[in-house]
Amino acid sequence: MKTLTRSLVRHAHAIAREVGARVILLYADVVENDQNLADLIQDVDFRVILVSRRAGFQAPPGWEDLCAIVRVPDITMTRAGQVKVATLVAAAENLLRAGDRIVCLTGIDGSGTIDMIIVLDLGVELEMFGDSAADPLPLDVTPAVFERLLTLASELSLEGREGRPVGTLFVVGDSERVLAQSRQLVMNPFHGYPEGERNILDPRLEETIKEFSAIDGSFIVRGDGVILSAGRYLAPQAKLDEPLPQGLGTRHEAAAAITVTSTAIALCISQSTGTISIFKRGRLLTDIVKPRSHSSDGL
Ligand SMILES: Nc1ncnc2c1ncn2[C@@H]1O[C@H](COP(=O)(O)OP(=O)(O)OP(=O)(O)O)[C@@H](O)[C@H]1O
């Protein structure tokens, strides 16, 4: 195994102990094989969250007790994006909570080299953890639904539709209140279908959702994943306490505002930049910047 990787891992352990970290987040896909991964976990000798894009990924045999697994969308992201998404998913699954300090080890997929250590204080870097009394997700939204939306949003941001960038909005949770503050821009394409046929957790629906992302307006998703509507115009009666960062227009404004007057979470994909912005309680929790090209893996 590469010297740099070994050295960073050893130091990560020391740093984690010194700064009182609760867990080390390790990007497993960077490491080439199970044996190398097992060696690394042995070196880390700490509670580990293994992060992987691979379906069915498991901890190396013998290390299952020390490791939790977090699956992240199988798409190229910047390193910062990788860390943000992994942290969000881990929080949604209650593996992390407000106030936690975590040490993240990451690098370029398949390179065999871990080349970056990041220490994160949840609550300082990620607004999601800003209010320690609150759950990261609305109570009616299941972690699986949130993860699926993150994956769909990430794929739409990276791939667009037929070569063209796509912008859209997903609002999940507290759906009755969200519906009451919105109206159809076009006929609801999901109207009349049985609930079992319009759940975002069903992989067969992926193409349909991507197709309808071209429709103006937003998707309204119930916390259990059932899509209630697409093509919905949000008209929340709320003002934001803080102005949004510059450059964010009416789509982002509506996304943020609907989370003031409901407990929903909004995921907004910008057509102009591809950035995914996630809003809760009227605030930008985090944004995930689109990598510059499919092959790049910038910071
Ligand atoms: N209140 C709203 N509810 C649902 N969709 C909206 C709302 N306001 C705007 N949109 C959608 O957002 C699209 C883009 O609007 P605008 O450029 O002002 O937003 P933006 O926040 O700058 O987003 P982008 O970064 O994607 O351009 C509109 O064409 C419309 O489809």
Side-chain angles (χ1 to χ4, degrees), residues 73 75 77-78 80-81 84-85 127 138 141 149-191 198 200 208-223 226-293:
I75 53 155
M77 285 187 207
T78 63
K84 282 181 183 176
V85 169
E127 277 279 355
V141 177
L149 283 173
L150 259 185
T151 301
L152 284 167
S154 308
E155 287 173 359
L156 278 169
S157 142
L158 191 71
E159 295 158 7
R161 223 43 213 143
E162 288 158 4
R164 282 196 300 272
V166 161
T168 192
L169 185 53
F170 295 97
V171 183
V172 60
D174 203 5
S175 38
E176 275 184 28
R177 220 175 284 169
V178 173
L179 284 175
Q181 300 174 62
S182 58
R183 59 182 159 79
Q184 285 303 133
L185 279 170
V186 290
M187 288 233 297
N188 176 10
F190 292 96
H191 180 73
R198 52 188 165 105
I200 55 150
T208 309
I209 296 169
K210 289 182 174 171
E211 210 51 56
F212 290 152
S213 65
I215 302 177
D216 255 4
S218 81
F219 291 87
I220 312 295
V221 183
R222 214 166 61 192
V226 172
I227 303 175
L228 299 177
S229 184
R232 196 95 186 158
Y233 183 83
L234 305 176
Q237 301 289 314
K239 280 221 149 80
L240 300 178
D241 291 342
E242 301 166 12
L244 292 180
Q246 261 201 334
L248 300 183
T250 55
R251 194 196 315 269
H252 291 80
E253 187 94 23
I258 198 75
T259 68
V260 175
T261 50
S262 73
T263 59
I265 283 197
L267 289 90
C268 187
I269 303 154
S270 164
Q271 185 158 14
S272 42
T273 63
T275 296
I276 303 166
S277 303
I278 305 178
F279 297 96
K280 189 181 166 197
R281 295 192 299 269
R283 282 160 53 199
L284 179 63
L285 294 183
T286 192
D287 54 8
I288 301 158
V289 176
K290 177 182 166 180
R292 252 176 252 130
S293 78

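When a ligand or atom number is given, it counts from 1 through the structure's own listing order.
Residue pairs that meet the side-chain hydrogen bond (donor to acceptor under 3.5 Å, both in side chains) test with at least one member in residues 236-252, sequence neighbours left out, do not exist here. Within the structure, the salt bridge (charged side-chain N to carboxylate O under 4.0 Å, His left out) test picks out the following pairs touching residues 173-184 (sequence neighbours left out): D174-R177.
Counting only distance, with no hydrogens or angles, the side chain of S182 and the backbone of A235 share no donor-acceptor pair below 3.5 Å. A donor-acceptor pair under 3.5 Å is formed between the side chain of Q184 and the backbone N or O of A230. At least one donor-acceptor pair closer than 3.5 Å links the side chain of K84 to the backbone N or O of D287.
At a 4.0 Å heavy-atom cut-off, the residues surrounding ligand 1 are D216, G217, R232, Y233, L234, G249, T250, R251, H252, A254, S270, Q271, S272, listed by chain and number.
Listed by chain and residue number, V260, T261 satisfy the side chain to side chain contact (heavy atoms under 4.5 Å, CB included) test with A238 (two or more places apart in sequence, or in another chain).
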